Amino acid sequence: MRGPVVVVGDTLLDRDVEGLVNRLCPDSPVPVLDETSAVDRPGGAGLAAVFAASQGADVVLVTALADDAGGARLSALLAAAGVRVYPLALSGATPEKIRLRARGRVLLRHDRGGASGEPGQPSDEVLRVLAAASAVLVSDYGRGVARQPALRAALAATRAPVVWDPHPRGPAAVPGVHLVTPNESEVRELVPTVPGASRLATASQGAQGLRRRWRAGAVAVTLGGDGALLCHAGSTPLVVPTAGSAEGDTCGAGDRFAAAAGLALAQGALVSEAVQAAVAEASAYVAGGGVATALPAPERAVGVRAEAGPRGSRWGTSQPGGERVGVAAVAALLAEVRGDGGTVVATGGCFDLLHAGHVATLQAARQLGDCLIVCVNSDDSVAGLKGPQRPVLPEGDRARLLAALSCVDAVVVFDEPTPEAVLSWVRPDVWVKGGDYASGVGDAATLPEAEVLRRWGGNTVVVPYLDGCSTSDLIARSAAGQAVGAGGEPPPVGVTTEVTSMPERTR
């Protein structure tokens, strides 16, 4: 494949709550579910992206993320699955689908998140990655991403094969897509057919009508356990049956089908070959236990969810440090600053043994915008980076000390080795690092976060480093019984910054 597989669409937060039912509610004749476990996973376009990444593909997800705990949780889950997220801003809340299950059967689905929010404009980097894709999958869940005008123009212009997984509430596919993949009920909603016709005739007539209306190369109607029916320019449809029984949990089977078809097209398969591969993949997925067994371990190994924030990550959990620490604090700050049209600045690091060099960097960073969010490596993350003897101070103390500084507006602790996931959620306008992270002025290649910031049009900035300040040196000098202190005075407030690219607005 010459470029990444790009998935475009609406991402939801799915949660399966498993439990036992042993009694009825005393005030209403409904079952009472005693929760035993819960599993979070990306849904919608996010699930399709995870499926593609699990097959070893280089996957980019273009989706809209809200500034709330759900958006933070999705960022962490997608990063853990190896998906590179190119986020768009999303007004409103993260859509969530919660399935309450007992003995493997769904008792009730609880949807929340309200009406669809408006996705923001894609950055130039998003448009570039679409142009360089080896294949594009549009996973439309009817919440607005597939309607975004700039994205639609880029999808119409790309030379890559495009698979369009439609939704009855979504827009028409852009003209010229290679393959449209509705299920039976979706094609009946999209194209009314003659009542009383057989199942195959209804699917064939609907597929041909949709293909002509949308000027698509082909339409494959998925038929559940009976495979798929492919209609193209010829008059005779191709029926692709399943290899055997495919009974089981079908949640996510359509996403698995569309992702498999997109991967096959990216590797040069004919449309008919791609549909055959997709039927085989989706059938094996359902027969193998569905979404409960198909996702990578980080998405499955989640116990009972005790808090509203991300599980398996420190984001949003109960963090010491008061109202300025955690996902809720960051989300409230983002809503306020972005609502006023302000500039969001972020920085990150271990911040073990807070010293004058840290303070100088934080003060300089705060001057570049209207708020400063500090992303702090968790204890596990620090130990992985620095060794088992670090950190000296636990993450709660480090977060509390940072939150107490007047130049810091909010703090969030993350578990991952790099801040990529938390950055994809926060989407700062400016990311700041001390000058020891760059080998020279304008040397953006030495800042690993620079590529991440470009995904939404953010900027990376380097501020001068205060010479003589190093946590490792302080620890070594303290162990040797030497006096510890800064090697010089901190730079004055208003220090001139060295930048890899300057933000449009600074203050």
Side-chain angles (χ1 to χ4, degrees), residues 1-9 45 48-49 51-60 130-140 155-166 172-184 186-187 190-191 200 203-244 246 253-286:
M1 294 185 289
R2 62 182 177 85
V5 173
V6 180
V7 180
V8 178
F51 285 152
S54 70
Q55 301 301 306
D58 177 19
V59 179
V60 164
L130 279 170
S134 61
V136 178
L137 167 59
V138 178
S139 182
D140 183 16
L155 289 168
T158 185
R159 292 186 175 185
V162 177
V163 176
W164 196 287
D165 193 7
V174 298
V177 301
H178 284 59
L179 180 64
V180 181
T181 62
N183 61 33
E184 287 182 276
E186 289 167 344
V187 81
L190 291 166
V191 182
L200 286 180
S204 179
Q205 292 168 15
Q208 290 288 18
L210 190 62
R211 186 186 66 81
R212 289 190 293 267
R213 184 201 302 173
W214 285 0
R215 289 182 282 167
V219 175
V221 182
T222 55
L223 305 173
D226 294 321
L229 181 143
L230 173 64
C231 289
H232 39 69
S235 58
T236 304
L238 171 68
V239 174
V240 181
T242 58
D255 299 300
R256 186 70 171 222
F257 181 94
L263 285 175
L265 292 175
Q267 293 165 352
L270 300 175
V271 170
S272 58
E273 295 171 333
V275 171
Q276 293 177 62
V279 168
E281 278 282 341
S283 300
Y285 165 81
V286 174

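Since this is a predicted model, take the numbers as computed values, not measurements.
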Worksheet item: When you look at Val6 and Thr158, which way does the side chain to side chain contact (heavy atoms under 4.5 Å, CB included) test go after all the steps?
Response: CA-CA 11 Å; Val6 180; Thr158 185; over 6 Å; no
If you take all heavy atoms of [X] and [Y], which pair is closest and at what distance?
X: Ala135; Y: Ala266; answer: CB-CB, 3.6 Å
X: Leu263; Y: Ala57; answer: CD2-CB, 3.5 Å
X: Ala218; Y: His232; answer: CB-CB, 4.1 Å
X: Arg2; Y: Ser134; answer: N-CB, 4.1 Å
X: Ala261; Y: Ala274; answer: O-CB, 3.8 Å
X: Ala45; Y: Gly9; answer: CB-C, 3.6 Å

Residue of the set [options] for which side-chain contact (heavy atoms from CB on, under 4.5 Å) holds with [X]:
X: Glu184; options: Thr222, Asp226, Val221; value: Val221
X: Val163; options: Leu265, Val271, Val180; value: Leu265
X: Phe257; options: Asp165, Asn183, Val275; value: Val275

Discussion item. Check whether Ser283 reaches the backbone of Val279 with its side chain - one donor and one acceptor, N or O, closer than 3.5 Å.
Written reply: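 Confirmed, Ser283 side chain pairs with Val279 backbone.
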Worksheet item: Would you say the side-chain atoms of Arg256 pair up with the backbone N or O of Ala48, donor to acceptor, closer than 3.5 Å?
Response: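 Looks like no, no N/O pair under 3.5 Å.
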Worksheet item: What's the verdict on side chain to side chain contact (heavy atoms under 4.5 Å, CB included) for Leu155 and Val177, showing C-alpha distance, side-chain angles and the deciding distance?
Response: CA-CA 9 Å; Leu155 289 168; Val177 301; over 6 Å; no
Discussion item. Any heavy-atom pair between the side chains of Val5 and Leu137 that's under 4.5 Å?
Written reply: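 SC-SC contact between Leu137 and Val5 ruled out.
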Worksheet item: Looking at side-chain heavy atoms only, is the closest gap between Leu179 and Leu230 below 4.5 Å?
Response: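 When only atoms from C-beta onward are counted, Leu230 and Leu179 do touch, with a gap below 4.5 Å.
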Discussion item. Surrounding CZ of Arg215 (heavy atoms of other residues, nucleotides or ligands, distance under 6.0 Å), is the total greater than 12?
Written reply: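 For Arg215, atom CZ is not crowded (no more than 12 foreign heavy atoms under 6.0 Å).
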Looking at [atom1] of [X] and [atom2] of [Y], how far apart are the two atoms once the value is rounded to the nearest 0.5 Å?
X: Ser204; Y: Leu229; atom1: OG; atom2: CG; value: 5.5 Å
X: Tyr285; Y: Phe51; atom1: OH; atom2: CZ; value: 3.5 Å
X: Gln276; Y: Glu273; atom1: CD; atom2: CD; value: 7.0 Å
X: Arg159; Y: Leu130; atom1: CZ; atom2: CG; value: 15.0 Å

